[in-house]
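Each remark here refers to the structure printed beneath this line.
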Amino acid sequence: MTGNAADTPRPLMVWGALAIVYVVWGSTYLGIKFAIETMPPMLSGSLRFAVAALLLGAFLLVRKGTAPFRMSGRQLGGAALVGLLLLTGGNGMVAVAEQHISTGLAALLVASVPLWLVVFRIAARDRPALLTLLGVLVGFGGVAALSLSGGGETASTTGIVVILVASLSWSIGSFLSARIPMPPNVWAASAVEMAAGGLGLLVTGLSFGERLDVAAVSGRSWAGLVYLILVGSLVGFTAYTWLLGNAPISLVSTYAYVNPAVAVVLGVLVVNEVATPQMIAGGAVILVGVALVVSTERRAKVRTAPAVEEVQAQTSRS
């Protein structure tokens, strides 16, 4: 997939798809919040990704037969590893963290993912531009401010640590996905990743003593889970995949600093979360850093698997 497409002659479709990505991925934090009200966080994530993988796999089989699933053992293993890092260690831990912190604070801290990717590039001896480095320093300054102050809200240290670990795991998965063998069909790769991530969350959840009492699950939690499966994992993914082939990556990449704003606003409006001045200030600093990274990278010459494109290509699993 490439995000360096020329301007599309269908601007309404592009902006429609972009609006879906903005709202859907920004709203998944609220969907997770509803799901974990009466469901264990890791087992609810396991259900989400297992069902989404089955639906996507069935769709592929009906439309394309078995051809999309022709992959080597190394490609299968690569997709499974990425799925574990992105969905078990990344998305699954977001659900765990949201037991302790607000959806808005979680989204703002997750916005640090593009910054981690630049750090990994530096470790791989791929020197980014000076403004990219400045963006990383600014962004991590905002992360530090939010982490040390709790965003000015009653946030547990556990929740903040877990969300930062989740962001790191997501970043590692994104970074590796462009450097290890992966299935040639992106849809099949996504199905494998979701299946592996769901299995990983099932094993982890059971190991930590989670049990699902179906009779105790509220209607709102079921609604949140269905929303995450159908809208978050399938509609959002489809819209994003279409955008990668029909819109400039510079436009698509704006999701990185729109999603947190959507999450904060929805948290305040729907579940009465408090957006404190400290949280808004720290979040703004993070988003300025991310904006610097994204804007600088999109002006740079095309490189092999640049950091911004890596996070774009993988965040579709949100």
Side-chain angles (χ1 to χ4, degrees), residues 16-59 82-83 85-98 102-104 106-108 110-111 113 163 166-167 169-170 173-174 186-187 189-198 200-201 217 219-244 252 255-256 258-267 270-271 311-318:
L18 197 59
I20 289 173
V21 172
Y22 283 168
V23 175
V24 167
W25 285 354
S27 66
T28 54
Y29 295 92
L30 192 60
I32 291 172
K33 193 77 168 181
F34 288 161
I36 66 174
E37 284 178 345
T38 56
M39 288 183 182
M42 286 182 277
L43 293 187
S44 66
S46 176
L47 277 173
R48 170 190 176 182
F49 294 118
V51 173
L54 286 173
L55 291 175
L56 180 57
F59 173 80
V82 169
L85 288 167
L86 292 177
L87 304 181
T88 302
N91 198 284
M93 293 306 101
V94 169
V96 173
E98 282 195 33
S102 70
T103 60
L108 289 169
V110 168
V113 166
I163 203 73
S167 299
S169 180
W170 185 282
S174 300
V186 65
W187 305 96
S190 182
V192 172
E193 289 171 23
M194 288 192 289
L201 283 169
V217 178
R220 190 156 90 158
S221 288
W222 282 122
L225 182 62
V226 170
Y227 180 84
L228 290 170
I229 293 170
L230 298 180
V231 182
S233 293
L234 296 179
V235 173
F237 173 72
T238 302
Y240 183 75
T241 301
W242 184 85
L243 279 170
L244 285 178
V252 181
Y255 92 90
V258 175
N259 286 167
V262 171
V264 170
V265 170
L266 288 177
V270 180
V271 290
V311 68
Q312 304 305 324
Q314 294 303 327
T315 308
S316 53
R317 283 56 161 178
S318 292

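Since this is a predicted model, take the numbers as computed values, not measurements. Numbering of residues begins at 1 and proceeds along the displayed sequence.
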- Item | Gap separating the CG atom of N91 from the CG atom of L86, nearest 0.5 angstrom | 9.0 Å
- Sequence neighbours excluded, which residues qualify as side chain to side chain contact (heavy atoms under 4.5 Å, CB included) partners of L230? L55, V226, L234
- Backbone N/O of P41 and side chain of S44: donor-acceptor pair under 3.5 Å: yes
- With S46 via side chain to side chain donor-acceptor pair (under 3.5 Å) - residues at least two apart: none
- Atom pair CH2/CG of W170 and L87 - distance to nearest 0.5 Å: 6.0 Å
- Message: Which residues pass the side chain to side chain donor-acceptor pair (under 3.5 Å) test with S221, not counting sequence neighbours?
- Response: T38, S218
- Search all heavy atoms of T88 against all heavy atoms of G200 and return the closest pair with its distance. OG1-CA, 3.6 Å
- Looking at M194 and L56, what are the two nearest heavy atoms and their distance? CE-CD2, 3.7 Å
- Message: In the structure I gave you, are the side-chain heavy atoms of L266 and T103 within less than 4.5 Å of one another anywhere?
- Response: no
- Side chains of M39 and W222: closer than 4.5 Å at any heavy-atom pair? yes
- The side chain to side chain donor-acceptor pair (under 3.5 Å) partners of S27 (sequence neighbours excluded) come to Y227
- Message: Give me the atom names and distance for the closest heavy-atom approach of A52 to S233.
- Response: CB-CB, 3.9 Å
- Closest non-hydrogen atom pair, V262 against V23: CG1-O, 4.1 Å
- Item | Partners meeting side chain to side chain contact (heavy atoms under 4.5 Å, CB included) with A17 (sequence neighbours left out) | A239, W242, L243
- Message: Under the rule for side chain to side chain contact (heavy atoms under 4.5 Å, CB included), what residues qualify as partners of L47, not counting sequence neighbours?
- Response: L212, L225
- Task: Indicate the atoms forming the closest heavy-atom contact of G232 with V24, along with that distance.
- Result: CA-CG1, 3.8 Å
- Task: Using side chain to side chain contact (heavy atoms under 4.5 Å, CB included) as the criterion, list what pairs up with A196, not counting sequence neighbours.
- Result: A80
- Item | Pairwise salt bridge (charged side-chain N to carboxylate O under 4.0 Å, His left out) hits with a residue in residues 21-45, at least two apart | E37-R220
- Query: Is the backbone N or O of V186 less than 3.5 Å from a side-chain atom of S190, with the two atoms forming a donor-acceptor pair by type?
  - Reply: no
- Give the minimum heavy-atom separation between L201 and M42, together with the two atoms involved. CB-O, 3.5 Å
- Message: Taking the six-membered ring for Trp, are F59 and W187 closer than 6.0 Å centroid to centroid?
- Response: no
